[in-house]
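In what follows, chains carry the letters A, B, and so on, assigned in the order in which the sequence lines appear, proteins first and then strands, with residues in each chain numbered from 1. Quick note: numbers below take in every heavy atom, side chains included, and nothing from hydrogens, waters or symmetry partners.
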Amino acid sequence: MGKMVLDPLLAFGDRAEEMMIAALTALGTETRLPVELPPEGMGDFAFPCFPLARELKKSPAEIAKSIAASLGTDAMFCKIEPSGPYVNFHIEPEELVRVTVESIMELRENYGNAESSGIKINLEHTSANPNGPLHVGRARNPIIGDTLARILRRCGHDVTTEFYVDDMGKQQVTLTWGVENLVQEGEIPEKADHALVWYYQEASRRMEQDPKVLAEIDAIISKYEDRDPEIATRVQTNCQRVLDGMTQSLRRLDINFDSFAWESKYIFDGSVERIIEQLRAMECTSEDNGALYLDLDNFGISGKENKFFLTRGDGSSLYSTRDMAYHLDKLANYDRAIDVLGEDHKLKAKVVGIGVNLLGQEKPVEPVFYSFVSLPEGKMSTRRGRVVYLDDLVEESIALAREEVEKRRPELDDVLKRGIADAVGIGAIRYNIIRIQAEKQLIFKWEEAMNFEGNSAPFIQYSHARASSILRKATEFGDYDLKLLAHPSEVQLAKMLARFPSVIRTCGTDMACHPVAAYAFELAAMFNQFYRDCPVLVAEEKLKNARLAMVTASKLVLMNALDTLGIVAPEEL
RNA sequence: GGACGCGUAGCCUAGCCAGGAUAUGGCGACAGCCUCCUAAGCUGUAAACCGGGGGUUCGAAUCCCCCCGCGUCCGCCA
């Protein structure tokens, strides 16, 4: 066994580039050609020769010809040929299959992971105001955040996921006022977030209509800001109850947090006050009736209004100012701070970044934005009650999955059926949100959210179950000779398996999740073609053993891809 | 008014940052495939002036400019 290959495709790609550099040097040029992935049937790596045409005063096609002629042969490539203006490298299938399958068999669930980077990342996500249950509009945040955390961990980083609990906002005080002054009638939901949201909605209505209520709420906020410990306990108790409900919902989606940061901490430890004084002393800030603001003209940001307020007229802090204190704290303890934020936070995130830099922290705050999920009839609103709650979507999806299991696998026992329904129902939700590029607007439709066919989680889970089923039936298999795997579907599948580490790597640098979903789908589709073309259990003994290795490798990578998406990979479907 | 993002077949979507060879898939439609390892599967067909217009380039879905549509922000709310 040679040295362990973490990324098979990269090994081949590096070799191709190395050979090209040697050829170009021999041609007497410093120019380096970019590597491309050519269309189907034209090899595995392509180098377009256009950039050299002017310099060498020859046509790209002639250049491609002469480069290819000087390249000779290599163990890693079965064919290196000019194709019009391109030099195309065709990977030696036997080598590709061998390196890839061996690598997966050795690395198992770690295949796709990079070596440890030693970089400590604080990844903040969800951070929803604890005033009611999570709705599907907000659900995009935890799903992106959790998937990104899984990707970055596979990239070798030390990731801490964090929920920033906004326990100092007006919304939370409004909720507390409601709990303390109103009586809820009728049937009260059992889950705390669903039970308490009524108080928030009703208190909001009263506050809008009755100035006395508004004054009472403002008075509580003011005392809270003055660090009244008794008020803090009252508000935080309600926040905690709602927060428990939200985290319970997220646990069903296999989303967990490593830490919770409470906003009030930064008021109580004096850090907010400190940074306000530091900012007040700066040239870029001014006051308006006692309220401190940052003049955005200094930072190339323009709009209707260029004053970004940092305090109220009474000197009390505002959300973004407290956020600066929070981010200074994070950046003091971590190498990187990443925030998953709705697109409505773009300006605030920018200003928080500016503030943090003004206060002497040079590291950037790295935001990842996503666009809103809306309903066909418009934006979701907890206050107005125009929402689809995540808990309801999860129940519906699992129920629908359960119906499908009953239809397809009536013979299974109940525990197994329930496990499959959970995995399928929840997987479908995560998948259908994560498969779309984060900045794209999403309109929530029940039938799309619970899609079980085609480009969906169950499609991928199904391929994994097929692989598992084959392995279950092949009770034992002996040594295998990977040279026997030469069928086009086997080679194609191996190429797909080889891509996984580079997909994870680029997602980590781009901070994008949706390519993992696309990859998992393509891999599953490729496995299904292999399944159709290459019978395993009925094959002749030696071929069977080699194919069983292929199935094992496929199952492992399907599992790793699903795990990166936070989706369960059941043995049966 | 200013700023940011999005606009790809009836619907959803990849590719855009690092411009190149016939623009990726899925849903839906139509036509096929279960005496054969799970048909939540597989095969095939039809369907796209890549929002519109200029420009840069040998070459633009991709880069630049203008315009249109959608979303979001520009609050002493969060």
Undergrad: So what does A:A518 touch, heavy atoms closer than 4.0 Å: a base, only the sugar-phosphate, or nothing?
TA: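 If one applies the 4.0 Å heavy-atom cut-off, A:A518 turns out to touch nothing in the nucleic acid.
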Undergrad: Can you check whether A:F89 and A:F47 have ring centres sitting under 6.0 Å from each other?
TA: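 Ring centres of A:F47 and A:F89 closer than 6.0 Å.
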Undergrad: Counting the atoms with a prime plus P, OP1 and OP2 as sugar-phosphate, which does A:R322 contact under 4.0 Å by heavy atoms, base, sugar-phosphate, or nothing?
TA: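 Here A:R322 touches the backbone only, sparing every base.
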Undergrad: Does A:Y531 have A:R466 sitting over its ring (NZ/CZ under 6.0 Å from centre, angle to axis within 45°)?
TA: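 Yes, A:R466 and A:Y531 form such a contact.
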Undergrad: Which part of the nucleic acid, if any, lies within contact of A:D533, taking any heavy atom under 4.0 Å across all strands shown: a base, the sugar-phosphate backbone alone, or nothing?
TA: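 No contact.
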Undergrad: With a distance cut-off below 6.0 Å to the six-membered ring centre and an angular limit of 45° from the axis, does A:K346 pair with A:F369 as a cation-pi contact?
TA: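 Ring-cation test returns yes.
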Undergrad: Select base, sugar-phosphate, or nothing to describe what A:D288 touches, counting heavy atoms under 4.0 Å on all strands.
TA: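 A:D288: base contact, heavy atoms under 4.0 Å.
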Undergrad: Donor-acceptor pair, distance only, cut-off 3.5 Å: does the side chain of A:E522 make one with the backbone of A:M496?
TA: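 The answer is no, because no donor-acceptor pair under 3.5 Å joins these two groups.
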Undergrad: Is B:rC34 in the syn range, within 90° of 0, or in the anti range?
TA: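 Chi for B:rC34 falls in the syn range.
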Undergrad: Heavy atoms under 4.0 Å, any strand shown: does A:G169 hit a base, just sugar-phosphate, or nothing?
TA: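 Contact class for A:G169: sugar-phosphate only.
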Undergrad: Counting the benzene-type ring for Trp, do A:Y326 and A:Y164 have ring centres under 6.0 Å apart?
TA: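 That pair passes the under 6.0 Å test.
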Undergrad: Students often get this wrong, so: under 4.0 angstrom with heavy atoms, is A:C534 touching a base, only sugar-phosphate, or nothing?
TA: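 Here A:C534 touches the bases of the nucleic acid.
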Undergrad: Is A:R54 touching bases, backbone alone, or none of the nucleic acid, heavy atoms closer than 4.0 Å?
TA: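 Here A:R54 touches the backbone only, sparing every base.
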Undergrad: How far does the C1' atom of B:rG15 sit from the matching atom of B:rC63, given to the nearest Å?
TA: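 The same atom, C1', in both gives a distance of 16 Å.
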Undergrad: How do A:P38 and A:T311 order along RNA chain B: which one's closest nucleotide is nearer the 5' end?
TA: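 Mapping each residue to its closest nucleotide by heavy atoms, the 5'-most match is A:P38.
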Undergrad: On a whole-Å scale, what distance lies between the C1' atoms belonging to B:rA9 and B:rG5?
TA: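 It comes out at 24 Å once rounded to the nearest Å.
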Undergrad: Students often get this wrong, so: under 4.0 angstrom with heavy atoms, is A:L573 touching a base, only sugar-phosphate, or nothing?
TA: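 Base contact - A:L573 has a heavy atom under 4.0 Å of at least one base atom.
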Undergrad: So what's the dot-bracket for RNA chain B: Watson-Crick or G-U pairs under 3.5 Å, [ ] if a pair crosses, | if it pairs off-strand?
TA: (((((((..(((.......[....))).(((((.......))))).....(((((..]....))))))))))))....
Undergrad: At 4.0 Å (heavy atoms only), tell me whether A:V173 reaches a base, stays on the sugar-phosphate, or touches nothing.
TA: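 Nothing, no nucleic acid heavy atom in range.
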Undergrad: Can the positive tip of A:K379 be found less than 6.0 Å from the middle of the six-membered ring of A:F372, inside 45° of the ring normal?
TA: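 Yes.
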Undergrad: Applying a 4.0 Å non-hydrogen cut-off, can you work out what A:E305 is touching in the nucleic acid: base, sugar-phosphate, or nothing?
TA: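 Touches sugar-phosphate only.
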Undergrad: Just call it for A:E522: base, sugar-phosphate, or nothing, with non-hydrogen atoms closer than 4.0 Å on any strand.
TA: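 If one applies the 4.0 Å heavy-atom cut-off, A:E522 turns out to touch nothing in the nucleic acid.
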Undergrad: Categorize A:I436 for me: base, sugar-phosphate, or nothing, with a 4.0 angstrom heavy-atom threshold over every strand shown.
TA: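 The answer is sugar-phosphate, as A:I436 gets under 4.0 Å only of primed atoms, P, OP1 or OP2.
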Undergrad: Taking any heavy-atom pair under 4.0 Å as a contact, classify A:A46: base, sugar-phosphate, or nothing.
TA: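 Counting heavy atoms under 4.0 Å across all strands, the contact made by A:A46 includes a base.
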Undergrad: Using the side-chain heavy atoms of A:P458, tell me which of these nucleotides is nearest: B:rG2, B:rC37, B:rA40.
TA: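 Given the options B:rG2, B:rC37, B:rA40, the side chain of A:P458 is closest to B:rA40.
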Undergrad: Looking across every strand, which nucleic acid part, if any, lies under 4.0 Å from A:K445 by heavy atom: base, sugar-phosphate, or nothing?
TA: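 Result for A:K445 = nothing.
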